[in-house]
Participant: 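Below are the structure tokens for one structure; questions will follow.
What you see is a predicted model; the values in this text were computed from it and never measured.
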Amino acid sequence: MVIDGAKAGPAGGLRYVASDECWLGKIDRKDPNKIEWSKLPAHPGNARFAIAGGGSGRDHRVFFTGGTATPHDFRGIAYDGKAAEAPMSASPTTSTATSGRPPVRTPTIPAPTAAES
């Protein structure tokens with residue numbers, strides 16, 4: 001499953017904008033190089049960029065967390081030249097009340113130093 005990401009922005013606007021597209025890929029068991037893609041409906045909420053996810057075989061569910069509303073380069077700089085917002089955490093598995101595990105620390109993107117800019 002692939003959700004969100006970035007797509008080309010409008011002419012005269014930002015180079016990239018967040019995309020709310022969701023896709024499901026079914027891998028051919030005989031030829032794993034073949035993937036049949038089908039479009040899924042958008043998930044509830046706003047599109048996110050650089051979201052992370054993982055599957056739970058026990059629960060038969062896919063969980064996603066983090067991401068930012070602002071597409072950015074590998075240094076965390078958005079395409080308007082400003083630092084991207086810090087990723088958010090939206091996973092129910094980060095709560096000790098629901099998982100019995102300690103909360104997961106939400107990763108952040110450090111702002112580049114003057115030397116890196």
Side-chain angles (χ1 to χ4, degrees):
M1 182 179 292
V2 176
I3 68 164
D4 295 351
K7 62 183 176 184
L14 295 176
R15 183 174 174 189
Y16 297 103
V17 295
S19 169
D20 64 355
E21 291 188 22
C22 299
W23 294 86
L24 178 65
K26 292 186 180 180
I27 300 172
D28 186 305
R29 291 180 188 266
K30 294 180 182 174
D31 183 357
N33 292 312
K34 291 182 182 176
I35 303 174
E36 181 183 326
W37 290 99
S38 57
K39 190 166 184 169
L40 299 172
H43 62 80
N46 296 327
R48 307 297 290 171
F49 178 77
I51 221 170
S56 168
R58 186 186 78 205
D59 298 322
H60 301 286
R61 299 174 91 186
V62 177
F63 295 92
F64 295 97
T65 189
T68 169
T70 312
H72 53 80
D73 66 15
F74 66 94
R75 297 176 301 150
I77 302 298
Y79 293 98
D80 61 3
K82 299 175 185 169
E85 69 181 51
M88 64 167 248
S89 178
S91 171
T93 61
T94 61
S95 167
T96 55
T98 58
S99 69
R101 289 175 272 162
V104 175
R105 189 172 77 74
T106 301
T108 58
I109 301 170
T113 64
E116 295 174 322
S117 297

Participant: Quick one: closest heavy-atom pair of S19 and A47, and the distance?
Facilitator: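 That would be O-CB, 3.3 Å.
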Participant: At their closest point, which heavy atom of F63 faces which heavy atom of S56, and how far apart are they?
Facilitator: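 Closest approach of F63 to S56, heavy atoms only: CE1-CB, 3.8 Å.
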Participant: Considering all heavy atoms of both residues, which atom of A69 and which atom of A18 are nearest to each other, and what is their separation?
Facilitator: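 Nearest heavy atoms, A69 then A18: O-CB, 3.7 Å.
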Participant: Testing the basics here: between D4 and N46, what is the closest heavy-atom pair and its distance to 0.1 Å?
Facilitator: OD2-O, 4.2 Å
Participant: When you group the ILVMFWY residues by side-chain heavy-atom contacts below 4.5 Å and let the links chain together, are L24 and I3 in the same group?
Facilitator: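 Linked within one cluster.
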Participant: Enter the distance from R48:CZ to T68:OG1 here, rounded to the nearest 0.5 Å.
Facilitator: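 Rounded to the nearest 0.5 Å, the CZ-OG1 separation comes out at 5.5 Å.
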Participant: Out of curiosity, does W37 fall in the hydrophobic cluster containing I27 (side-chain heavy atoms, cut-off under 4.5 Å, transitive links)?
Facilitator: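 Same hydrophobic cluster.
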Participant: With rounding to the nearest 0.5 angstrom, report the OH to OH distance, Y16 to Y79.
Facilitator: 6.0 Å
Participant: Linking I/L/V/M/F/W/Y whenever any side-chain heavy atoms sit under 4.5 Å apart, do I35 and V2 land together?
Facilitator: yes
Participant: Atom CG in D80, atom OG1 in T70: separation rounded to 0.5 Å?
Facilitator: 7.5 Å
Participant: Of the non-hydrogen atoms in P71 and V17, which two are nearest, and what is the gap between them?
Facilitator: CG-C, 3.4 Å
